[in-house]
Amino acid sequence: MITIGGERGAVSIMALAGNIIILFFSVILMSAGFPALLLILAAGAGVCYNSLFYQNGNNVKTRAAFLATLFVMLILFIPIFAITWRTGSYGLNELQISEEDFMYYYNTDISINMLHVAVFVSVFSTLGAVIDTALSVTSSVYEVWTHKNSLVEKELTSTGYQVGKEIIGTTVNTLLFAYLGGSILLFSYVQTQKYSLEIILNSRFLFQDVAIMLFGAIACLVAVPVSIKCIIWQIRHINPDKKQLNA
């Protein structure tokens, strides 16, 4: 058991290292002028593939989760881009701009499309939660089917939604507390400066973090039905008696 646990831990560390390398080269390519929107798709697919297949192997559950994650990325890409563009929530926020040390030591003219960078950050911030949600749903539905393969598509779909309902609440809470925990110092600063509620609600620094949290929650909600469809499609692909699933 110790050996198995050690091997799993080593695999997880290697997968994490692989994701860090992907993000590192993404930053390098973005700084060199490579289109950030293309990097979102390429690097996102790389992180998904590395996180799922390297840690869990090439099987029905991981293939379905991989497809579901890619579909969710594609589905939410346009809404995230449109909302970020229309709200103007990209680039340096008010607090960063007001810091004299930042403006003195760093050149803010970096010749990078900040809208594309903001979309990149938003999409990647949702990936971890979406991958976990997709794999949880596909694994649960597949395990149910392997133990009772007489279930029809409607029953498998109901099982998937039941699992999704149970994990969505904890996932959204995780995103919420991750945001709140990382923003305690920011809230303390805002409180000491006596900013009015109107200024806070219309501030860019607040919307940037809240938007990422909301995007993550919405992505997880979308991931549940998409994951169910993907795993059922995979089951159809491997099931020799396809009519049985439609019964």
Side-chain angles (χ1 to χ4, degrees), residues 16 18-52 65-97 102 106-134 168 171-172 174-176 178-183 186 201-227 230:
L16 177 61
N19 290 337
I20 292 175
I21 292 173
I22 292 174
L23 291 176
F24 173 78
F25 281 105
S26 298
V27 173
I28 296 298
L29 291 173
M30 194 183 305
S31 302
F34 194 86
L37 297 183
L38 292 179
L39 278 176
I40 294 174
L41 301 178
V47 168
C48 292
Y49 185 90
N50 183 60
S51 300
L52 288 169
F66 179 72
L67 290 175
T69 305
L70 292 184
F71 281 135
V72 171
M73 285 178 58
L74 293 175
I75 291 171
L76 294 181
F77 175 79
I78 294 178
I80 289 176
F81 184 92
I83 292 173
T84 304
W85 171 58
R86 292 292 298 174
T87 57
S89 59
Y90 49 90
L92 301 176
N93 58 48
E94 301 89 345
L95 297 181
Q96 293 170 330
I97 294 175
F102 185 91
Y106 300 99
N107 181 11
T108 57
D109 185 13
I110 56 178
S111 301
I112 297 177
N113 191 319
M114 298 306 293
L115 171 60
H116 294 176
V117 173
V119 175
F120 184 95
V121 172
S122 297
V123 172
F124 263 75
S125 298
T126 66
L127 268 183
V130 173
I131 290 173
D132 288 341
T133 301
I168 282 297
T171 301
V172 172
T174 301
L175 294 172
L176 174 62
Y179 161 70
L180 293 177
S183 303
L186 174 61
L201 293 179
N202 288 280
S203 62
R204 184 183 297 175
F205 67 83
L206 178 65
F207 184 82
Q208 285 176 338
D209 291 334
V210 172
I212 290 176
M213 181 191 69
L214 292 178
F215 289 148
I218 294 172
C220 291
L221 290 173
V222 175
V224 173
V226 175
S227 301
C230 288

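All residue numbers in this chain count up from 1 along the given sequence.
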_Option among I21, L23, V27 that satisfies the side chain to side chain contact (heavy atoms under 4.5 Å, CB included) test with F25_ =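 Of I21, L23, V27, side chain to side chain contact (heavy atoms under 4.5 Å, CB included) with F25 is met by I21 alone.
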For a quick test of reading the model, state the closest non-hydrogen atom pair linking [X] to [Y] and the distance between them.
{"X": "I80", "Y": "S122", "result": "CG2-CB, 3.8 Å"}
{"X": "F120", "Y": "S26", "result": "CZ-CB, 4.0 Å"}
{"X": "A223", "Y": "V130", "result": "CB-CG1, 4.1 Å"}
{"X": "Y49", "Y": "F66", "result": "N-CE1, 3.6 Å"}
{"X": "L127", "Y": "G44", "result": "CD1-CA, 4.0 Å"}
{"X": "A134", "Y": "T69", "result": "CB-OG1, 3.9 Å"}

_Could you check whether atom CD1 of I28 has more than 12 heavy atoms from other residues, nucleotides or ligands sitting under 6.0 Å from it?_
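Buried by this count: over 12 neighbours within 6.0 Å.
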*Could you tell me whether F81 atom CZ has more than 12 heavy atoms of other residues or ligands within 6.0 Å of it?*
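Yes, the 6.0 Å shell around CZ holds more than 12 heavy atoms from other groups.
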*Enter the distance from F124:CZ to I22:CD1 here, rounded to the nearest 0.5 Å.*
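Rounded to the nearest 0.5 Å, the CZ-CD1 separation comes out at 7.5 Å.
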*Atom CD1 in I83, atom CD1 in I78: separation rounded to 0.5 Å?*
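If we round to the nearest 0.5 Å, I83:CD1 and I78:CD1 are 12.0 Å apart.
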_Could you work out, with side-chain contact (heavy atoms from CB on, under 4.5 Å) as the rule, every residue matching I20, not counting sequence neighbours?_
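Result, side-chain contact (heavy atoms from CB on, under 4.5 Å) vs I20: L16.
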Do the non-hydrogen side-chain atoms of [X] and [Y] ever get within less than 4.5 Å of each other?
{"X": "L76", "Y": "I218", "answer": "yes"}
{"X": "T133", "Y": "V72", "answer": "no"}
{"X": "V119", "Y": "V123", "answer": "yes"}

*In sequence, state the C-alpha distance, the side-chain angles, and the governing distance for V226 and C230, and then conclude on side-chain contact (heavy atoms from CB on, under 4.5 Å).*
CA-CA 6 Å; V226 175; C230 288; 4.2 Å; yes
